[in-house]
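Report on the structure given below.
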2 protein chains.
Amino acid sequence: MPEPARKRRPYAPRVPMAERREQLLDAALTIIDRDGYDGVSIDAIAREAGVTRPVVYSAFDGLGPLLTTLLDRQQERALAQLFAALPLDAAGDDPVAVVERATPALHAMVLADPVTWRAILVSPVTVPDVVRDRIEGDRERVRAVIEQLVVGVLGESADAEVLAHGILALLDHFGRLVLADPGRFTAERLTGVIGSMTKAWFA
Amino acid sequence: MPEPARKRRPYAPRVPMAERREQLLDAALTIIDRDGYDGVSIDAIAREAGVTRPVVYSAFDGLGPLLTTLLDRQQERALAQLFAALPLDAAGDDPVAVVERATPALHAMVLADPVTWRAILVSPVTVPDVVRDRIEGDRERVRAVIEQLVVGVLGESADAEVLAHGILALLDHFGRLVLADPGRFTAERLTGVIGSMTKAWFA
DNA sequence: TCCATTTACTACAGGTGTGTAGCATTCTGG
DNA sequence: CCAGAATGCTACACACCTGTAGTAAATGGA
């Protein structure tokens, strides 16, 4: 029988830096989706990607920069999806109609890319600082957009800041419900509730 | 000059087990409040309490049981505070009046014991499993109570489950706002927004 | 006062993660 | 075909955490 000889690990496929970086970002996202932000480490990412840690260090300066880069990528995807689904140009329209169009659109958006949205919605506070600051910053930008919508519809009299916080909190939570149990929390139910709340407000 | 001689660590005050346990729970809560659930470990708790790890192990069987005990204690405090502030017996009353009494009460409750409430509100998902399951369980119980209130007020026709989710999400988020910036998000503003939402619904 | 009990500490063995230096392999262009 | 540049791996030095066995100090009652 031959020597045990399992001395050297088989070489991972050689890959140019740019591609390796993408692959590592994908690995990080997979871990976040499967194990939460707790599970993310240089070590875990290397294992997930089938390489050793120095490979990761040669592609990124550490966990913080890696996650920042990942967030850059996901941010672009998420905000594009979100602003496509939000009724940004509906200044004068009937609010009920607007809401009853936007709600199913948001529902579909979340289910169409659950990995992206889970990483954003199911992450609120106890995550690495880089990530938290980034997500909070984006959330604040979205909230400002909603606040403008509120002002546009209700005028200056309402407490638009607090209302926008409330609306975003509702959207967040309904998003989490959809991700957690899509069969239970359907577009119809959510649209029904949000629609009747809107009707109550304006009718 | 005397020998360096800093061989032995000064003894921590000797304390009976029951008291030590309380002290360790307080240390854990302090850490959670300051560093989040990520920072909690047997080691960190021992350091925070000014003792060594074996002391912690002699008081609890490990981190899980310690946190469970802490949750038992905090749960009692929190639910007592919450059900005192919630209008559980207001089945027939005017909803607007009920809400305008309950909102300032909840606001005061959160600010009166911010450490307890931060640990509950600012913790949603990425926390030790024992803690998450526990908090989620309690949240679900509270949500069920709210659902009953909704049914009592709106009847069976409404989608009480989803509405209760929405209401709890609003309460959660407004609680976080108050904890994050008490000067900005006052009882008056929150009561104003919640009151006008309620008025819109029922008027 | 002295000893048994209670309480606390030291020390060790083992696990996982970080970051880096130096070596091995593969690939590419002349 | 054969450098040298890319790319990947091994190995090491730390750091921090878990649990536990053995030892030292404080306390209280006989």
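Below, chain A is the first sequence line, B the second, and so on; all start at residue 1. Everything quoted here is computed from the prediction, not taken from an experiment.
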Numerically ordered, the residues 52-62 of chain A set in heavy-atom contact under 4.0 Å with DNA chain D is Thr52(A), Pro54(A), Val55(A)

Distance alone, cut at 3.5 Å: any donor-acceptor contact between the side chains of Gln74(A) and Thr116(A)? yes

Do any side-chain atoms of residues 50-58 of chain A form donor-acceptor pairs under 3.5 angstrom with protein atoms, and if so which ones, sequence neighbours left out?
{"residue": "Arg53(A)", "atom": "NE", "partner": "Asp43(A)", "partner atom": "OD1", "Å": "3.2"}
{"residue": "Ser58(A)", "atom": "OG", "partner": "Val55(A)", "partner atom": "O", "Å": "2.7"}

Quick note, salt bridge (charged side-chain N to carboxylate O under 4.0 Å, His left out) partners involving residues 152-175 of chain B, not counting sequence neighbours, are Arg184(A)-Glu161(B), Arg189(A)-Asp159(B), Arg189(A)-Glu161(B), Arg139(B)-Asp172(B)

Residue pairs meeting salt bridge (charged side-chain N to carboxylate O under 4.0 Å, His left out), one or both in residues 57-68 of chain B, sequence neighbours left out, come to none

Take the protein atom [atom1] of [X] and the nucleotide atom [atom2] of [N], then report the distance between them rounded to whole Å.
X        : N       : atom1 : atom2 : answer
Ile45(A) : dG19(C) : CD1   : P     : 11 Å
Asp43(B) : dG17(C) : CG    : C1'   : 15 Å
Leu67(B) : dT18(D) : CG    : P     : 11 Å
Leu24(B) : dA8(C)  : CG    : C1'   : 12 Å
Arg47(B) : dA15(D) : CZ    : P     : 14 Å
Asp35(A) : dG17(C) : CG    : P     : 11 Å
Met17(B) : dT7(C)  : CE    : P     : 7 Å
Arg20(B) : dT27(D) : CZ    : P     : 12 Å

Residues at least two apart in sequence or cross-chain that pass side chain to side chain contact (heavy atoms under 4.5 Å, CB included) with Leu171(B), listed by chain then number, are Leu106(B), Ile146(B), Ile167(B)

For Val110(B), the side chain to side chain contact (heavy atoms under 4.5 Å, CB included) test, sequence neighbours excluded, returns Trp117(B), Val178(B), Leu179(B)

Tabulate protein N/O versus nucleotide N/O from nucleotides 23-25 of chain D, keeping only pairs under 3.5 Å, one per line.
{"residue": "dA24(D)", "atom": "N3", "partner": "Tyr11(B)", "partner atom": "OH", "Å": "3.2"}

Query - Salt bridge Arg73(B)-Asp26(B), side-chain N to carboxylate O under 4.0 Å - result: yes

Looking only at dT7(C), dG8(D), dC9(C), the nucleotide nearest the Pro16(B) side chain is dT7(C)

Those residues at least two apart in sequence (or on a different chain) that pass ring pair (Phe, Tyr, Trp, His ring centres under 6.0 Å) with His107(A) are none

Across all chains, not counting sequence neighbours, the ring pair (Phe, Tyr, Trp, His ring centres under 6.0 Å) partners of Phe60(A) are none

